Amino acid sequence: MDKSIHISQMADIIEEIVQSGASFEFLPHGISMRPSVADGDTVTLKKACFPLKMFDIALYRRTNGSVVMHRVVGRLGKSYM
């Protein structure tokens with residue numbers, strides 16, 4: 001039986017935990033973050049220190065509510081790529 005939960009289902013709770021100064025660990029799935037993060041790796045989320053640096057990994061919520069994890073590969077003005 002699969003007991004996985006999509007991170008978007010926990011976004012509000014994760015945000016509250018991280019904003020309080022605590023960290024949150026989870027196991028991401030997918031291939032987009034390879035080789036830095038692979039299936040089975042544990043990711044620890046903590047409150048961000050701005051500005052983000054090249055190759056930092058950020059978890060954020062888009063305006064449509066979806067939760068996304070990306071590696072920073074550049075910056076254009078105030079936006080990260």
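Model, not experiment: these values are computed from the prediction.
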Exercise. If you look at every heavy atom in G65 and R61, which pair is closest and at what distance?
Worked result: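 Shortest heavy-atom contact: O-CG, 3.6 Å.
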
For this session: Check whether any side-chain heavy atom of Y80 lies under 4.5 Å from a side-chain heavy atom of Y60, and answer yes or no.
Result: no

For this session: Answer yes or no: is there a side-chain heavy-atom contact under 4.5 Å between D12 and I14?
Result: no

Problem set entry | Spacing of CG belonging to L59 relative to CD belonging to E15, to within rounding of 0.5 Å |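 The distance works out to 10.0 Å.
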
Problem set entry | Inter-residue atom distance I7.CD1 - I13.CD1, 0.5 Å rounding |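 So the gap between those two atoms works out to 11.5 Å.
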
For this session: Kindly write out the residues that satisfy salt bridge (charged side-chain N to carboxylate O under 4.0 Å, His left out) with K53, not counting sequence neighbours, or none if the list is empty.
Result: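 Counting only residues at least two positions away or on another chain, K53 forms a salt bridge (charged side-chain N to carboxylate O under 4.0 Å, His left out) with D56.
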
Please set out all donor-acceptor pairs under 3.5 angstrom arising from side-chain atoms of residues 17-29, sequence neighbours excluded.
{"residue": "S20", "atom": "OG", "partner": "I17", "partner atom": "O", "Å": "2.6"}
{"residue": "E25", "atom": "OE2", "partner": "T44", "partner atom": "OG1", "Å": "3.4"}

Show the atom names and distances, to 0.1 Å, of all donor-acceptor pairs under 3.5 Å that link a side chain in residues 66-77 to residues at least two apart or in another chain.
{"residue": "S66", "atom": "OG", "partner": "N64", "partner atom": "OD1", "Å": "2.8"}
{"residue": "R71", "atom": "NE", "partner": "S36", "partner atom": "OG", "Å": "3.4"}
{"residue": "R71", "atom": "NH2", "partner": "M33", "partner atom": "O", "Å": "2.7"}
{"residue": "R71", "atom": "NH2", "partner": "S36", "partner atom": "OG", "Å": "3.3"}
{"residue": "R75", "atom": "NE", "partner": "G77", "partner atom": "O", "Å": "3.1"}

Exercise. Mind checking whether V37 and M10 sit in one hydrophobic cluster, side chains of I, L, V, M, F, W, Y counted as touching below 4.5 Å?
Worked result: yes

